[in-house]
Protein chains: 2
Amino acid sequence: MEPRKLTRNQTLVLETLTHAEAPLSAYTILDKLRDHGFRAPLQVYRALEKLTEFGIVHRLESLNAFVACTHPHDHGPEKAVIAFAICEDCGQVSEISDPEIEDRLAVLATKQQFKTDKTTIEMRGHCGNCTA
Amino acid sequence: MEPRKLTRNQTLVLETLTHAEAPLSAYTILDKLRDHGFRAPLQVYRALEKLTEFGIVHRLESLNAFVACTHPHDHGPEKAVIAFAICEDCGQVSEISDPEIEDRLAVLATKQQFKTDKTTIEMRGHCGNCTA
DNA sequence: ATTCTCAATGTTATGTTATTACATCAATTG
DNA sequence: CAATTGATGTAATAACATAACATTGAGAAT
């Protein structure tokens, strides 16, 4: 599932997310792209689905919203576990990839013979800037 | 926010979740409680909100669904971080409370001066029974 | 070049999840 | 009793997501 050449819709959605300063909902993206010919939610959801598969967009489950990946990290199928720190004030999201967390979760899962497909870690709180 | 005496609606919702074998959506709960006089989503959502505050019900963000807490653990305001292992096949959810994970996330947050209010950890996959 | 195929797209409708707004009721308390 | 507070009931609507079906477009096979 490599980030091959993106389609027009995928490109537009990705750019929208890239330029955003906070996570966007699918419908917010839709509104921002009406001028570019978007008319229905599916156009957004389909693009998001692919971009998420490619690993260049992440879905934030606790927010029902999406962000462009800011991780220097691999976009490959390796799919490292990523933790998100989401600021309630400014909306800024930082991605954290930490082997210790990943290993520990793997141990805990194995301990109960659980086979993990996908892991979600989201911290909601307040970032340094907004706390200051 | 102690689990003081529950109201009628809260009791009904909690019992519904307790008897369920998998997470339930708010609307599923509503349907199960129609015979008991429930008629509107808010009756469910309001009860869920309180039960969640009390710590005796958890919301699974990646599922938009709810489970009764099965954790022997404290229902107090201490609010330990809980990781959920959610089986895609049978729906069974197990709660994992692990100080190592908690500590590590705390370290990572602190490192970037992030003040965490609430942490979500959800592993989606397949439990031992369903893999066998 | 023509046909085949498959992924992406467009469009409408609908399904699912969650909240706003407002009225009422019941228990407590000053 | 009046006043406050928390729970409830109800209707309407907002927000998030998918199903179903028709069409288009780009590349591969012939």
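Note on naming: letters A, B, ... go to the chains in the order of the sequence lines (proteins, then strands), and numbering restarts at 1 for each one.
With respect to the salt-bridge test (charged N to carboxylate O, under 4.0 angstrom), the residues B:Arg104 and B:Glu102 do not qualify.
The interatomic distance linking B:Gln43 (CD) with C:dT24 (P) rounds to 17 Å, in whole Å. If you measure from atom CZ of A:Arg39 to atom P of C:dT11, you get 6 Å, rounded to the nearest angstrom. At whole-Å resolution of the value, CZ in A:Arg8 and C1' in C:dG10 are 13 Å apart. Rounding to whole angstrom units, CG of residue B:Leu48 and C1' of C:dT17 are separated by 12 Å. Here D:dG9 presents its C1' atom at 11 Å from CZ of B:Phe38, a figure rounded to the nearest Å. Whole-Å rounding puts the A:Leu30 CG to D:dT18 P distance at 15 Å. At whole-Å resolution of the value, NZ in A:Lys5 and P in C:dA7 are 17 Å apart. Regarding A:Leu42, its CG atom lies at a distance of 14 Å from the P atom of D:dC21, rounded to whole Å.
No hydrogens or angles considered: a donor-acceptor pair under 3.5 Å links the side chains of A:Gln112 and B:Ser94. One side chain, B:Thr28 or B:Ser25, offers a donor N or O that lies under 3.5 Å from an acceptor on the other. Using modelled atom types and a 3.5 Å distance limit, the side chains of A:Ser62 and A:Arg124 yield a donor-acceptor pair.
Checked against C:dT12, D:dA7, D:dA11, the side chain of B:Gln10 finds its nearest nucleotide in D:dA7.
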Sort me out a list of protein N/O and nucleotides 13-17 of chain D N/O pairs below 3.5 Å, or just none if empty.
| unit_1 | atom_1 | unit_2 | atom_2 | d |
| --- | --- | --- | --- | --- |
| D:dA17 | OP1 | A:Arg59 | NH1 | 3.1 |
| D:dA17 | OP1 | A:Arg59 | NH2 | 2.3 |
| D:dA17 | OP2 | A:Tyr45 | OH | 3.1 |
| D:dA17 | O5' | A:Tyr45 | OH | 3.4 |
| D:dA17 | N7 | A:Tyr27 | OH | 2.7 |
| D:dA17 | N6 | A:Tyr27 | OH | 3.1 |

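For D:dG6, the base has no donor-acceptor partner in the side chain of B:Arg46 [N/O atoms by modelled type, under 3.5 angstrom].
Remark: the backbone N or O of B:Phe84 is not paired with any side-chain donor or acceptor of B:Glu95 at under 3.5 angstrom.
Between A:Gly55 and A:Cys69, the shortest heavy-atom contact is O-CB, 3.8 Å.
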